[in-house]
A.B. asks: 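Submitted below is the structure of interest, expressed as structure tokens.
Just so you know, these numbers come straight off a predicted model, no measurement behind them. These values consider heavy atoms only, across backbone and side chains, with no hydrogens, waters or symmetry-generated copies.
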Amino acid sequence: MQDMLYRAVEEWGFTKPESDYYDFWQSILKNPFDRLAALVIATHNDQCIGVGLAHWRPYFSEGCRSVVYMVAAPYRNQGVGDVLKDGMDRVFQQRGLTHQYALVTPENAEIIPFLERCGFTENLHERSFRFCWDGAPYSYIPVPGLTLYPFDRDHFDPKVAGELADFYNRAYSTEHVHPTVTSDLISKLIKTDDAWMVYARDDATGQIAACTECARFGMFSGIAVLRPWWGTGLAKWITGYSLDEFQKMGINPLWSMVREKNAASIRLHKSVGSYENGYCRHFISEIPDQDPVAPQTGETAPATRR
């Protein structure tokens, strides 16, 4: 199945560095069975014509996983996507998962009719930002009494992973997107997803004051600062530092999402040279009752027309 997936992604042009999806698929293809909670492939004449994948990380609730569906251009609007969705439902049923979550960026809005037809309903939208980079380092001023630290594969420490989990649960306590974060989840983000973070620690108390989460496929996933350090310039400092790290890695362009009511984050994004390009829309589909003919792990879904 892995070879079939790679051939399909290559045929669709996603393994070319100039593709907008190159970094995303590189992150998946390195080790898909560690990165994914489920993989469904639709085939026709021994050729992959559609792919559905679900990421391992929970969103909104412990039983919810983010999904992506792609169908080869010649087979679109022929029911292949419906077959993939049905196959994914059955795999979710088999594994005790309860909901599929689909994120739609402004560039991929054409998939919305398919999602709605397959039972997805919109539950959240956020403002979408893209970062402009002129080649120069970002301008920021360090905050006295705080030190920034990288946290990635080369700087991994299980104790820090536990501290970051506690930080997440405090900083995102009112965010419904993130269920409870554990040290194991933080560890998997770093070791399996190859994500990386920057965190700020108070020199006097040792408390973590802020953290950014970053993905190597160009997503600036999160920025959080605890309340005692609001208004100190820490958000601008850790954001600018993280953006410089992105550029050192050659990861560009970058994108991010911000809640509609988060005025402070919107101002921060604009202050570091990002621009709005529409809305990211979140869709949820509840998994139907248990189906007795659920496919076995690794089974491909037949691409029959509905």
A.B. asks: Identify the heavy atoms of V80 and A42 that sit nearest to each other, and give their distance.
C.D. replies: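 Where V80 meets A42 most closely, the heavy atoms are CG1-CB, 3.9 Å.
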
A.B. asks: What class does the angle between the rings of F151 and Y199 fall in, given that below 30° is parallel, 30 to 60° is tilted and above 60° is perpendicular?
C.D. replies: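 If you compare the ring of F151 with that of Y199, the planes turn out perpendicular.
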
A.B. asks: Decide yes or no on side chain to side chain contact (heavy atoms under 4.5 Å, CB included) for F60 and V177, but give the supporting numbers first.
C.D. replies: CA-CA 4 Å; F60 295 103; V177 174; 3.7 Å; yes

A.B. asks: Is it true that F24 and F14 fall in one hydrophobic cluster, defined by side-chain heavy atoms closer than 4.5 Å?
C.D. replies: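 Yes, F24 connects to F14 through the hydrophobic network.
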
A.B. asks: Sequence neighbours excluded, which residues qualify as salt bridge (Lys or Arg N to Asp or Glu O under 4.0 Å) partners of E245?
C.D. replies: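 With neighbours one apart ignored, the set is K248.
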
A.B. asks: How many angstroms lie between atom CG of L5 and atom CG of L53, to the nearest 0.5 angstrom?
C.D. replies: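 Here the interatomic distance stands at 8.0 Å.
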
A.B. asks: Backbone N or O of D46 within a donor-acceptor pair of the T43 side chain at under 3.5 Å?
C.D. replies: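 Here the side-chain-to-backbone pair does not exist.
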
A.B. asks: Between the side chain of N45 and the main-chain N/O of Q47, is any donor-acceptor distance below 3.5 Å?
C.D. replies: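 Checking the backbone N and O of Q47 against the side chain of N45, no donor-acceptor pair under 3.5 Å is found.
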
A.B. asks: Going by heavy atoms in the side chains, are V9 and Y22 under 4.5 Å from each other?
C.D. replies: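 Side-chain contact under 4.5 Å: no.
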
A.B. asks: Could you note down all residue pairs passing side-chain hydrogen bond (donor to acceptor under 3.5 Å, both in side chains) where residues 221-234 supplies at least one of them, sequence neighbours left out?
C.D. replies: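 Applying side-chain hydrogen bond (donor to acceptor under 3.5 Å, both in side chains) to every pair that reaches into residues 221-234, excluding sequence neighbours, yields nothing.
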
A.B. asks: Any heavy-atom pair between the side chains of C118 and Q100 that's under 4.5 Å?
C.D. replies: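 Not in contact.
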
A.B. asks: Would you mind reporting whether W12 and V51 have side-chain heavy atoms less than 4.5 Å apart?
C.D. replies: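 In contact.
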
A.B. asks: Atom CG in D194, atom CZ in F217: separation rounded to 0.5 Å?
C.D. replies: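 Nearest 0.5 Å value for the CG-CZ distance: 11.5 Å.
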
A.B. asks: Using the rule that Ile, Leu, Val, Met, Phe, Trp and Tyr join whenever any side-chain heavy atoms are under 4.5 Å apart, tell me whether L124 and V258 fall into a single cluster.
C.D. replies: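 No, L124 does not connect to V258 through the hydrophobic network.
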
A.B. asks: From L189 CG over to C214 SG, what is the distance, rounded to the nearest 0.5 angstrom?
C.D. replies: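 Rounded to the nearest 0.5 Å, the CG-SG separation comes to 11.5 Å.
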
A.B. asks: Determine whether H44 and Q78 satisfy the following criterion, side chain to side chain contact (heavy atoms under 4.5 Å, CB included), listing intermediate values before the conclusion.
C.D. replies: CA-CA 12 Å; H44 179 64; Q78 298 182 41; over 6 Å; no

A.B. asks: Specify the closest pair of heavy atoms between L164 and C211, including all atoms of both residues, with the distance to one decimal.
C.D. replies: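 Answer, listing the atom of L164 first, then C211: CD2-SG, 3.9 Å.
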
A.B. asks: Less than 4.5 Å apart, any side-chain heavy atom of T239 and any of Y140?
C.D. replies: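 They are not in side-chain contact.
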
A.B. asks: Taking the basic N atoms (NZ, or NE/NH1/NH2) and the acidic carboxylate oxygens, is any pair closer than 4.0 Å for D3 and R7?
C.D. replies: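 Not counted as a salt bridge, because no side-chain N and carboxylate O are separated by less than 4.0 Å.
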
A.B. asks: Is Q93 reaching over with its side chain to a backbone N or O of P288, donor-acceptor style, under 3.5 angstrom?
C.D. replies: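 Present.
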
A.B. asks: Within a strict 4.5 Å, meaning less than it, do heavy atoms of the I186 and F156 side chains meet?
C.D. replies: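 Answer no - side chains too far apart.
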
A.B. asks: Are there more than 12 heavy atoms of other residues, nucleotides or ligands under 6.0 Å from atom CZ of R170?
C.D. replies: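 No, CZ of R170 has 12 or fewer neighbouring heavy atoms, counting only those of other groups under 6.0 Å.
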
A.B. asks: For C64 and T98, work out which heavy atoms get closest and say how close.
C.D. replies: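 Looking at all heavy atoms of both residues, the closest pair is N-OG1, 4.3 Å.
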
A.B. asks: Looking at every non-hydrogen atom in both residues, tell me the closest pair between S183 and A165 and how far apart they are.
C.D. replies: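 Shortest heavy-atom separation between S183 and A165 comes out as N-CB, 3.6 Å.
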
A.B. asks: Is the Y101 ring parallel, tilted or perpendicular to the Y59 ring (thresholds 30°, 60°)?
C.D. replies: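 Tilted: the ring planes of Y101 and Y59 meet at 30° to 60°.
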
A.B. asks: Taking side chain as C-beta onward, heavy atoms only, is E163 less than 4.5 Å from V160?
C.D. replies: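 Touching, per the 4.5 Å side-chain cut-off.
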
A.B. asks: Quick check on the hydrophobic clustering: are F283 and Y279 connected, directly or via other members, by side-chain heavy-atom contacts under 4.5 Å?
C.D. replies: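 No, it is not one cluster - the side chains of F283 and Y279 are not joined through contacts under 4.5 Å.
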
A.B. asks: Can you name the nearest heavy-atom pair linking K270 to S274, along with the distance?
C.D. replies: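 Result for this residue pair: N-OG, 3.7 Å.
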
A.B. asks: Is the closest side-chain donor-acceptor distance between S256 and H269 under 3.5 Å?
C.D. replies: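 Side chains of S256 and H269: pair found under 3.5 Å.
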
A.B. asks: Look at the rings of H178 and Y172 and say which category their plane angle falls in: under 30° parallel, 30 to 60° tilted, over 60° perpendicular.
C.D. replies: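 Ring orientation of H178 relative to Y172: tilted.
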
A.B. asks: Atom CD1 in I190, atom CZ in R153: separation rounded to 0.5 Å?
C.D. replies: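 With rounding to 0.5 Å, CD1 (I190) is 9.5 Å from CZ (R153).
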
A.B. asks: Given the side-chain rings of F246 and F220, with only the six-membered ring counted for Trp, is the space between their centroids under 6.0 Å?
C.D. replies: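 That pair passes the under 6.0 Å test.
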
A.B. asks: Would you say R65's side chain and L97's backbone share a donor-acceptor pair under 3.5 angstrom?
C.D. replies: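 No, R65 side chain to L97 backbone: no donor-acceptor pair under 3.5 Å.
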
A.B. asks: Please answer whether the main-chain N or O of S242 pairs with a side-chain N or O of T212 as donor and acceptor at a distance below 3.5 Å.
C.D. replies: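 Here the side-chain-to-backbone pair does not exist.
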
A.B. asks: Would the distance check show the side chain of S19 and the main-chain N or O of T15 forming a donor-acceptor pair, the cut-off being under 3.5 Å?
C.D. replies: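 Not a single qualifying donor-acceptor pair exists.
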
A.B. asks: So, for G206 and R201, which heavy atoms are closest and what is the spacing to 0.1 Å?
C.D. replies: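 That closest heavy-atom pairing would be O-NH1, 2.6 Å.
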
A.B. asks: Keeping the roles fixed (side chain from N169, backbone from V181), state whether a donor-acceptor pair exists under 3.5 Å.
C.D. replies: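 A pair under 3.5 Å: yes.
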
A.B. asks: Going from CZ on F114 to CG on L84, what distance comes out if it is rounded to the nearest 0.5 angstrom?
C.D. replies: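 Spacing of CZ (F114) from CG (L84) equals 7.0 Å.
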
A.B. asks: Step by step, would you call K85 with D89 a side chain to side chain contact (heavy atoms under 4.5 Å, CB included)?
C.D. replies: CA-CA 6 Å; K85 171 61 165 57; D89 280 345; 3.0 Å; yes

A.B. asks: Would you please name every residue forming a salt bridge (Lys or Arg N to Asp or Glu O under 4.0 Å) with D193, sequence neighbours left out?
C.D. replies: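 Once residues adjacent in sequence are excluded, the partners of D193 under the salt bridge (Lys or Arg N to Asp or Glu O under 4.0 Å) criterion are R35.
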
A.B. asks: Are any of the side-chain heavy atoms of E116 and E122 separated by less than 4.5 Å?
C.D. replies: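 In short, these two side chains do not touch, never coming nearer than 4.5 Å.
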
A.B. asks: Can you measure from CG (L243) to CD1 (I238) and round to the nearest 0.5 angstrom?
C.D. replies: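 Here the interatomic distance stands at 11.0 Å.
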
A.B. asks: Can we say R130 and E107 salt-bridge, meaning some charged N sits less than 4.0 Å from an Asp/Glu carboxylate O?
C.D. replies: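 A salt bridge is present here (some side-chain N lies under 4.0 Å from a carboxylate O).
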
A.B. asks: Shared ILVMFWY cluster between F129 and Y275, side chains joined below 4.5 angstrom?
C.D. replies: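 No, it is not one cluster - the side chains of F129 and Y275 are not joined through contacts under 4.5 Å.
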
A.B. asks: Would L103 end up clustered with L39 when hydrophobic side chains under 4.5 Å apart are linked, directly or stepwise?
C.D. replies: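 Same cluster.
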
A.B. asks: For K236 and V143, run side chain to side chain contact (heavy atoms under 4.5 Å, CB included): C-alpha distance rounded to whole Å, both residues' side-chain angles, the deciding distance at 0.1 Å, then the answer.
C.D. replies: CA-CA 10 Å; K236 182 73 174 288; V143 178; over 6 Å; no

A.B. asks: If you define the side chain from C-beta out and look only at heavy atoms, does anything of M219 sit under 4.5 Å from W255?
C.D. replies: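 Yes, side chains in contact.
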
